[in-house]
Each structure stands twice: as structure tokens, then as C-alpha cells.
Amino acid sequence: MAKRSLAGGANSAIAHRPRFDKNAVTMASTRRQYPFQLIEPKWQQHWEREQTFRAWNPGEKIPAQHPFALRHGLGEATAGAASLPPKYYILDMFPYPSGAGLHVGHPEGYTATDILARYRRARGFNVLHPMGWDAFGLPAEQYAVKTGQHPRHTTETNIATFKRQIQSLGFSYDWSREVDTTDPKYFKWTQWIFLQLYNSWFNPATNKAEPIDALPYPADCATEEQKRAFRDSKRLAYVSEAPVNWCPELGTVLANEEVIDGKSEVGGFPVVRKPMRQWMLRITAYAERLLNDLDTIDWSHSLKEMQRNWIGRSEGALVEFQVSGSKFKVSVFTTRPDTLFGATYMVLSPEHSLVNEITTPEHRQAVKGYQDFAAGKSELERTELAKEKTGVFTGAFAVNPVNAEKIPIWIADYVLASYGTGAIMAVPGHDTRDFEFAEKFNLPIVQVVQPPDRETDWRGFVGDGRSVNSVGAEVSLDGLATSEAKAKITGWLACKGVGQKTINYKLRDWLFSRQRYWGEPFPIVWKKDASGNLHHEALPESALPVMPPPLTDYKPTATGEPPLARAKEWVTLPDGSTRELNTMPQWAGSCWYYLRYLDARNAAAFCGKEAENYWMGASAIGDRQSAIANGRTPGVDLYVGGTEHAVLHLLYARFWHKVLFDLGHVSTPEPFFKLVNQGLILGEDGQKMSKSRGNVINPDDILIDYGADAFRLYEMFMGPLEMVKPWNTKGVEGVYRFLGRVWRLFVDEASETEFEQALTTDAQRGVELLGKIQLNAAIKDVPATPAQLKPLHACIKKVTEDLDGLRFNTAISALMVFVNEAMTWEVKPAVALRDFLVLLQPFSPHLAEELWGKLTAVISHQCSGSRVPLAYQPWPQFDPALLVEDTLEIPVQVNGKLRDRITVAATATDKEIETAALACEKIKPFLEGKTIKKVIVVPKKLVNIAAA
RNA sequence: GCCGGUGUGGCGAAAUGGCAGACGCACAGGACUUAAAAUCCUGGGACCAUAAAAAGUCGUGUGGGUUCGAGUCCCACCACCGGCACCA
């Protein structure tokens with residue numbers, strides 16, 4: 001028997017192991033549709049041995065016998081970028097190798113990309129289709145805390161399982177480019193990119209990142225200490241002491257993007273706000289470009305919207321309010337400066353830095369009490385308890401700059417410290433939240449906007465209208481439409497120096513440090529200057545990679561320091577400086593892995609320039625439109641993955657890519673040109689698959705029963721790639737039967753029976769025995785008849801168009817239609833079946849390869865299509881002339897309802913069709929007593945008679 | 001509440017404004033078989049009618065509209081799924 005090992009790769013307690021399944025027993029007792037258990041490993045080993053799917057970089061020497069060289073006539077020479085065919089970079093979101101092994105959702109996207117990779121190869125592209133491991137992460141570390149087993153070991157075990165499972169599906173990955181984010185040879189460059197961020201600042205004048213060395217210092221920066229402080233405040237990677245998302249259960253801080261409804265994205269544990277000193281990345285500097293450049297890439301509308309919402313751009317004004325009788329000013333952000341006359345009070349967030357300064361002595365106790373109350377709430381409580389507004393008066397008043405009115409200053413937790421300035425002007429007349437608050441605390445509510453519709457109640461009206469009651473000593477807005485009022489008041493505020501037009505973003509800087517062991521250490525050390533102040537410094541590139549220290553205990557220390565603090569010797573350097581103890585978040589490695597694939601073994605750079613230029617299609621940037629029209633796109637040509645990374649990985653990776661672009665390390669402003677989200681696969685019960693529901697489908701079980709080709713085919717046949725769809729194992733049987741029909745279309749039954757018998761007595765020689773199977777005698781080396789060419793070319797047309805449009809399900813149905821037809825042919829021309837195998841190959845490559853070998857061995861050289869192996873065979877062209885029918889069947893409708901059909905010659909004119917239609921006997925009763933008003937002839941399609 | 005997506009047989013689904021339900025599952029009948037499995041053939045939206053059929057009527061979430069003609073386009077709703085949400 002083949003060596004297909006179906007047991008888990010290792011006996012690790014957490015490694016995946018296929019479970020016992022009673023279906024497997026049932027299937028084993030029935031006869032297989034075809035010997036996939038031999039064919040699939042045979043071809044997988046062949047592809048691996050021959051390096052069939054190795055992708056070639058410019059400048060690489062391609063062996064003359066490699067299929068890519070055979071196909072493109074590249075011979076033994078070293079091919080420069082100009083002599084290579086056009087590139088096609090097709091990328092999967094690489095998996096986190098969890099202990100649970102592959103689930104059926106992974107192969108959905110991977111099969112789609114593999115089909116397209118194989119299709120593009122057939123179309124003559126140089127295809128880059130790589131795979132790797134996003135292997136830093138919490139589960140391996142938690143397992144280490146529990147058992148003391150080093151996360152490295154767990155990770156390697158899990159990767160082995162994942163790799164075995166993925167390889168058993170016959171994907172055409174170039175494994176020579178495999179990456180693992182936990183490999184020091186990889187994370188050396190993750191750390192290197194961090195240094196690029198650290199050593200850069202964002203120049204608003206040029207709107208791009210520039211080296212920190214070129215940062216101009218303000219005049220008052222005299223001493224080295226002052227310069228350092230200024231420099232450190234401008235870096236793209238900087239240290240900040242601010243309230244952060246602290247998750248006590250996980251023992252680490254989290255980025256905003258990792259907190260969902262006040263709970264950790266991983267595990268669902270409560271998250272609290274806590275001030276801590278952390279590393280941040282200045283993604284906010286890129287908010288505008290991240291938003292604008294969405295218009296240049298081909299992503300789904302909904303995904304772009306998610307990013308747009310997350311970036312959260314809003315236009316408005318900053319307005320300054322003088323605190324009455326004090327030197328302090330409160331600055332607020334508002335999108336409705338036109339309602340300034342309606343501001344009847346102000347609200348600061350409880351954490352606002354001015355709260356303590358302005359609170360009057362008699363309100364101090366109440367304010368302190370409220371601050372404690374707000375601080376004690378988790379994020380979750382703060383949002384969930386939002387139904388009822390709370391707050392207290394500070395005793396202070398502010399002066400409204402437009403009318404000099406004194407308005408009370410309150411604090412309330414419905415104002416967020418992290419958005420805008422952390423303070424608002426409250427306009428209860430025209431803001432829902434302010435309205436609720438004012439109602440509860442009896443604050444004045446005045447009208448300053450008249451709704452366009454007189455019937456509408458102005459109280460709480462938040463739409464656009466016309467300003468009313470907005471007259472001050474120096475400025476009046478009365479009668480102006482909302483947009484005009486906004487412009488006028490903003491101009492006035494700017495003139496008076498108490499306000500200005502502003503664009504505000506929801507996006508926050510990216511909190512980039514974690515209190516973990518299993519992540520990239522920062523290439524940073526801390527030093528004390530002469531006056532004893534601590535500052536950070538980058539390690540030189542020569543110190544990379546910074547390796548994590550060996551540990552036996554992976555928990556944080558008793559004092560709450562990160563686990564790396566346990567490695568005392570590692571922490572302290574000979575010169576007395578100490579290492580940064582935090583590690584990078586899991587997202588760091590996935591921010592740039594698609595670049596490492598381009599040149600995965602480069603020890604001198606994160607990626608070679610020539611490779612980057614070729615694969616990222618730098619040449620396509622110039623004339624974008626025509627390049628795209630010719631199928632050459634800048635960046636990754638197609639990226640397929642789940643929607644769950646919409647505002648995490650996909651935002652972070654775009655940010656890093658833009659920084660690398662600014663610094664001249666990559667040649668495109670965006671990493672992923674086209675992106676498609678595959679839909680979730682639900683359980684057979686229509687619920688999301690989960691262990692607790694017991695409805696999880698294990699790919700290994702499906703492979704035992706039906707083989708990889710059927711599994712791949714089913715995942716694509718279920719429905720459109722982007723849709724959510726329920727699993728149905730009976731459906732796998734359907735496509736499996738189809739592959740059985742393909743098998744029987746090609747092979748001789750008697751020889752197969754002989755093979756089966758030989759196999760029972762000599763199972764060891766299984767693969768060898770496949771040679772006994774003969775080609776079906778009905779397959780003859782003869783030209784195909786026009787009647788046979790028609791369904792073949794209809795199939796070629798449909799499959800080609802559907803693959804271009806990512807419609808896999810309908811492409812497969814076209815293959816089925818063709819096979820159903822070809823089964824009825826008494827003589828089966830080899831040329832026709834040959835083209836069919838080229839079409840089948842992307843979907844079910846093992847079976848196609850096996851049959852290809854048998855077919856081409858017995859047919860003439862002319863038909864076999866040279867020595868080029870199937871995986872690199874040119875895609876068939878369809879000939880429209882062959883699809884033309886001699887006669888047409890035309891439906892005849894009366895008032896849009898089908899009443900009869902007529903058969904006419906394909907050459908019939910519209911007039912002849914009309915005459916024939918009106919002559920139909922069957923339509924007569926429907927025209928009885930009516931007059932024909934109009935006859936519509938859709939050429940070659942349909943006739944409709946309008947009568948009344 | 002806001003944004004996006006989806007609603008079609010018993011089920012997964014298919015249909016450039018032009019014959020609704022391709023292809024597949026499940027089901028039913030038949031052939032082959034001692035029998036079963038596998039395979040091959042046939043059937044099939046609902047209703048009405050009938051010995052059986054033909055013919056007919058209705059039918060793509062609901063209600064309107066545009067059109068010779070609407071699953072498809074427009075307007076207004078409903079349901080479900082996903083995302084965001086006290087974002088000033």
C-alpha cells in the first residue's frame with residue numbers, strides 16, 4: 001500500500017489525531033470509485049521529487065528539463081526578468097498551526113487559490129504560490145505555561161501536522177519558499193523592519209516617512225537630552241505612557257483591534273483600561289493614505305467599508321472654550337460647529353487632564369467619586385450600561401466664544417477620553433446623547449436648527465436644516481443652510497483664533513508590545529544617561545536576530561513583569577544596559593510575510609530588490625490602467641482569506657508596506673491588489689462548526705473516504721466562494737461519483753478488475769500495479785466530429801470564463817455536463833478527452849495526471865501535445881465557430897407567457913422568425929378576440945406577441 | 001441605531017431584462033444481481049384535472065412600479081447573516 005500515513009504526525013498531547021469514524025468502516029467495505037488512495041500519494045511524491053511547482057526568480061538558473069523551462073523554451077540559461085513570462089502572485093492567508101489541525105475552512109481558500117494558480121500556469125504565467133506558518137501565538141505559550149514544554153517544540157509538532165495535512169491535498173505550492181515566523185532567520189527581518197520604523201519619522205510636509213537622522217530640530221532643542229526627547233517623540237515606533245487595554249486573564253495588553261465588545265478577541269476575557277508604559281506604532285500618521293488608497297485596490301465593497309469605518313474620518317472643527325475665571329482653556333472637536341449657539345453645557349471625559357485643575361472645592365468629592373466609579377468599570381460595563389447616562393458637575397463654567405454665555409462644565413463617561421480631544425460641547429437640541437443627558441440633569445435645551453420639514457420636531461433633530469437663534473454680537477448664522485453655517489462659523493472662529501477646521505480620525509496608534517514569551521524580542525536596550533534618566537536605544541543591525549532567552553517557566557514574574565524578566569543574564573548587557581522585556585504582537589510576523597516569499601532564503605536582505613520588482617510588478621505601476629487590462633497588476637495579484645482580519649492583519653500589513661514604500665524598500669504603495677474573502681463553512685446542521693456542538697468535520701476523515709480530488713472539488717462545488725454555506729458530506733459523495741464517471745470514461749473495465757484482483761494479493765506493489773490499468777478501447781486516435789466538438793468547446797468557454805470570474809461551482813457543473821455527454825459517445829476521440837483533462841487538472845489534479853499519462857502514452861505525438869507535463873500544458877482555446885447551431889429553437893410568447901416553440905434555420909431573418917411565430921397553431925386561442933399590438937423579435941432568441 | 005450582504009424546489013444552488021430551477025444531493029420507479037452494494041436508465045416546483053395524459057392556473061421574502069416581457073431594474077417594507085456602535 002502507499003505510504004499515505006493518516007495518523008497524526010506525532011504523539012504529542014496536543015497534536016491533531018484523526019478520530020475513529022464509523023463512515024470510514026462503511027466506506028472501506030464498499031468498492032472505491034477509483035484507486036485514489038494510490039494515485040494521490042503517487043502524484044504528490046512525483047511533484048515533490050520533480051520540483052514541479054518551483055517558481056523561478058529572475059536570475060535563477062532553471063534546469064533544462066524542468067517543466068517550466070520546457071513550456072517556455074528557457075533552456076539551461078539564466079533567465080532575467082525580461083525573458084521570464086508575466087508573473088502572477090497568488091497568496092493565501094497563511095495559517096496559525098494550532099494543535100487542532102486543519103479544519104475544512106482552511107482548504108476552501110487554499111483550493112480556490114490552487115485552482116487559479118494551476119489555471120494561470122496553464123495560461124503561461126510565471127506563478128508564485130507559496131505557503132508558510134504564522135507560528136507565534138498564545139496557545140503554544142499557554143501550553144508551555146501549563147506543561148513546561150518549550151513553545152518551540154509544540155510549534156514544530158503542529159507545523160508538521162499542518163504541513164502533512166496541506167500536502168495531502170495536492171496543492172501546487174512552491175515549498176522551497178516556505179516561511180515560519182518563529183524561525184530566527186525570518187524574525188531577524190521582522191526585527192529589522194521594526195528598526196526601520198524606529199529610525200523613521202512621519203514628515204507631514206511630504207506626507208511620508210523619512211529617516212530620523214534628517215529630522216529638523218526646533219530652535220529650543222539645545223542639549224543632546226532635549227534633542228533625544230524630541231527625536232523619540234517623533235519616531236514611528238515610540239514609547240507611550242497611557243491608558244491601555246489590559247487583559248488580566250491573558251496577562252498582557254492588547255491593541256484596540258484585538259478588543260471586541262470590551263473582551264479579548266482571543267478567549268473572550270474582560271479587558272480594563274490601565275495606564276502602562278508601552279511601545280506604540282504611529283499608524284495614525286498614515287490614516288489619510290490608508291483611507292485614500294483603498295480607492296486604488298480591488299477589494300470587496302464591504303471590506304473596504306470596514307476599513308473606512310475603522311479609520312473613521314470625520315470633518316469638523318476644533319473650538320476653544322475659555323474656562324471662566326481661570327487660565328485654562330478646553331478644546332473640543334465637533335462636526336457641527338453650526339450648532340455652537342446651541343451649546344448649553346460642556347462635558348469632559350472623567351480621565352481628562354483638566355478635570356482636577358478646574359473642579360471647584362465643593363465639587364471635588366463628587367468628581368473624585370465619579371472618576372473612581374468610571375475607572376472601576378470595564379470597557380464592557382461602560383458600553384453595556386450605556387442605557388442610562390451618568391455624570392457630575394465640576395462647579396466650573398466655560399465661556400461660549402460666539403455669545404459669551406457661561407455654560408456649566410460636567411464630567412460624564414459618555415464622553416470618551418480616546419476620541420477627539422476627550423471633551424465636547426453639548427448641544428442637546430440637536431444631538432441624541434446630549435439630549436438624553438440634558439433631560440436627565442435638567443440642563444437647558446435650545447433650538448438652533450430648523451428642520452426642512454415644518455412637521456418635524458426640532459427637539460433632538462440631528463439632520464441638516466437652517467440655522468435659527470444663532471445671532472451673536474459679532475456673527476450671525478440665522479437663515480443659513482447647515483453646510484453654509486458650518487463654513488461661516490469655522491471661518492469666524494479661525495479669524496478670532498479660537499478654532500479651526502479639522503479632520504479627526506477614530507483610528508488610534510497601534511499598541512505594539514505584549515507581555516509574552518513566544519514572540520519577537522524587541523531589538524531595543526534601555527540605558528541611563530548622566531543624570532540617571534532612562535532612555536531607549538536601538539541595537540545595531542549586526543545584533544540581529546535578537547533571540548529570546550531559554551526559560552523553564554513561561555509565566556509573568558511575581559511582580560507582574562513580562563516572562564523575559566526571568567532570564568536575568570539575558571536581560572543585562574555587559575555595558576550595564578538592559579534589554580526591552582516586552583515582545584512584539586502576533587501580527588508583526590504576518591505584516592510582511594508576503595514579501596519574504598519573494599526571496600525566502602535571502603540572508604543579506606529581507607527581500608532582494610530584483611525579486612521584489614519582478615513579483616510585485618513594479619513595471620505595472622506606470623501605466624496602471626493598461627497594465628491591469630492586460631492582467632498585470634501591481635502587488636499581490638490575488639489574496640484570498642477570511643474576513644476576520646479586516647481591521648487587523650489587513651490594516652497593519654498595509655501600514656507596514658507604506659512605511660517600507662516610503663523608505664524605498666518596496667516599489668508599490670499597496671501590498672494586495674485584489675482581495676477576496678471566502679465565506680464561512682457551517683456545520684451540517686447549518687450552525688457554525690464548533691467542538692461544543694459536535695458538528696466539526698475533520699478533513700482527514702473526508703480524505704480517507706473520498707480522496708483529495710473529491711474533497712477539493714466538493715469545497716468548490718458547494719456554492720460561490722464568498723458565500724456562507726453549510727457542509728454536506730452527501731454532496732462530497734456526489735462529486736466523488738462524478739470523478740468515478742471520469743475514471744470509467746477513460747479506463748478499460750476488464751483491466752481494472754484484473755488490477756483490483758492483483759491488489760488484493762499483492763497490496764505492497766499497489767502503485768506499480770496501476771500500470772495494469774488499460775485505456776478504454778472506445779478511445780481512438782481519431783479527429784472529433786463537429787457534434788463532439790460543440791460540447792467540448794462549450795465546456796472550454798464556460799470553464800475559462802468562470803475561472804476568470806472566480807465562479808468555481810458553475811465551472812465544475814460545466815465539466816459534469818461535458819462528461820455526461822462524452823459518456824454517450826461510442827467512439828471517444830483522444831484529442832477531445834485530452835483537452836478535457838487540461839480543464840480538469842486545476843480542480844482534481846491527481847486524477848487528471850494519472851489519466852493523462854495513460855492517454856498520451858497511446859495516442860499520436862501530434863495529439864499528445866509534446867513533452868510538456870500536464871501541469872504546464874497550454875490551456876485550450878475555444879473556437880466560437882464550433883458553437884454555432886444550424887437550427888434554432890425559438891420560444892414564442894403571448895404577452896410574456898410561453899405558448900409554443902418554433903424551429904428555424906440559424907440564418908433566418910427576424911421577419912422570417914416573426915412570420916413563423918404568427919403561424920403557430922397553439923398561439924391562436926390566446927389571440928382570440930384580441931388585436932396584435934406589437935411583435936417583439938429578439939434576434940435568435942425569442943418572439944413575444946403583445947395583444948389586447 | 002448606522003453600514004454591508006443575502007432571501008429562488010425537500011436541500012446546496014443556476015440563470016448578459018428574454019423558455020425560472022442548469023449541475024449536484026436527497027427521493028421514487030426500472031435494468032443488472034440469488035440478494036445487496038456499486039453502476040446504468042427514467043422521473044420530478046406547486047396546484048387543478050385525469051384511468052393515464054394533454055391543456056390550464058400559480059410560482060424566485062412582502063407590497064407597489066417601469067417594461068412587449070422582471071428572480072434580474074426602480075420605490076417602500078419584512079426576515080436572516082456579518083461588521084461598527086455613547087466616535088461628538
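In what follows, chains carry the letters A, B, and so on, assigned in the order in which the sequence lines appear, proteins first and then strands, with residues in each chain numbered from 1. Just so you know, these numbers use all the heavy atoms, side chains as well, and skip hydrogens, waters and symmetry mates.
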Report all interatomic pairs (protein N or O, nucleotide N or O of nucleotides 63-68 of chain B) with separations under 3.5 Å.
unit_1  : atom_1 : unit_2  : atom_2 : d
rC68(B) : O2'    : N944(A) : ND2    : 3.3
rC68(B) : O2     : N944(A) : ND2    : 2.5

Where do N or O atoms of nucleotides 13-17 of chain B meet protein N or O atoms at under 3.5 Å, pair by pair?
unit_1  : atom_1 : unit_2  : atom_2 : d
rA13(B) : O3'    : N809(A) : ND2    : 3.4
rA14(B) : OP1    : N809(A) : ND2    : 2.8

Not counting sequence neighbours, which residues clear salt bridge (Lys or Arg N to Asp or Glu O under 4.0 Å) with D509(A)? List them please. none
Those residues that, when tested against N820(A), pass side chain to side chain donor-acceptor pair (under 3.5 Å) (two or more places apart): R741(A)
Return the set of residues passing side chain to side chain donor-acceptor pair (under 3.5 Å) with Q500(A) (not counting sequence neighbours), or none when no residue passes. none
Expected list for residues 717-727 of chain A: side-chain donor-acceptor pairs under 3.5 angstrom, two or more places apart:
unit_1  : atom_1 : unit_2  : atom_2 : d
K725(A) : NZ     : E108(A) : OE2    : 2.7
K725(A) : NZ     : P720(A) : O      : 2.9
K725(A) : NZ     : L721(A) : O      : 3.1
K725(A) : NZ     : M723(A) : O      : 2.7
W727(A) : NE1    : T729(A) : OG1    : 2.9

Partners passing side chain to side chain donor-acceptor pair (under 3.5 Å) against Y419(A) (at least two apart in sequence or in another chain): S314(A), N504(A)
List the residues meeting side-chain contact (heavy atoms from CB on, under 4.5 Å) with K911(A), not counting sequence neighbours, and say none if there are none. T909(A), E914(A)
Contact list (N/O, under 3.5 angstrom) for nucleotides 39-43 of chain B vs protein:
unit_1  : atom_1 : unit_2  : atom_2 : d
rU39(B) : OP1    : Q33(A)  : NE2    : 2.7
rU39(B) : O3'    : R744(A) : NH2    : 3.4

Base-pairing string, 5' to 3', of RNA chain B - Watson-Crick or wobble, under 3.5 Å, | interstrand: (((((((..(((.....[....))).(((((.......))))).(((........)))..(((((..]....))))))))))))....
Candidates rC19(B), rG4(B), rC23(B) - which lies nearest the side chain of H301(A): rG4(B)
Indicate every side-chain donor-acceptor pair of residues 937-948 of chain A with a distance under 3.5 Å to a residue at least two apart or in another chain.
unit_1  : atom_1 : unit_2  : atom_2 : d
K940(A) : NZ     : A906(A) : O      : 2.6
N944(A) : OD1    : N895(A) : N      : 3.4
N944(A) : OD1    : G896(A) : N      : 2.9

Please name all residues satisfying side-chain contact (heavy atoms from CB on, under 4.5 Å) with D457(A), sequence neighbours left out, ordered by chain then number. R459(A)
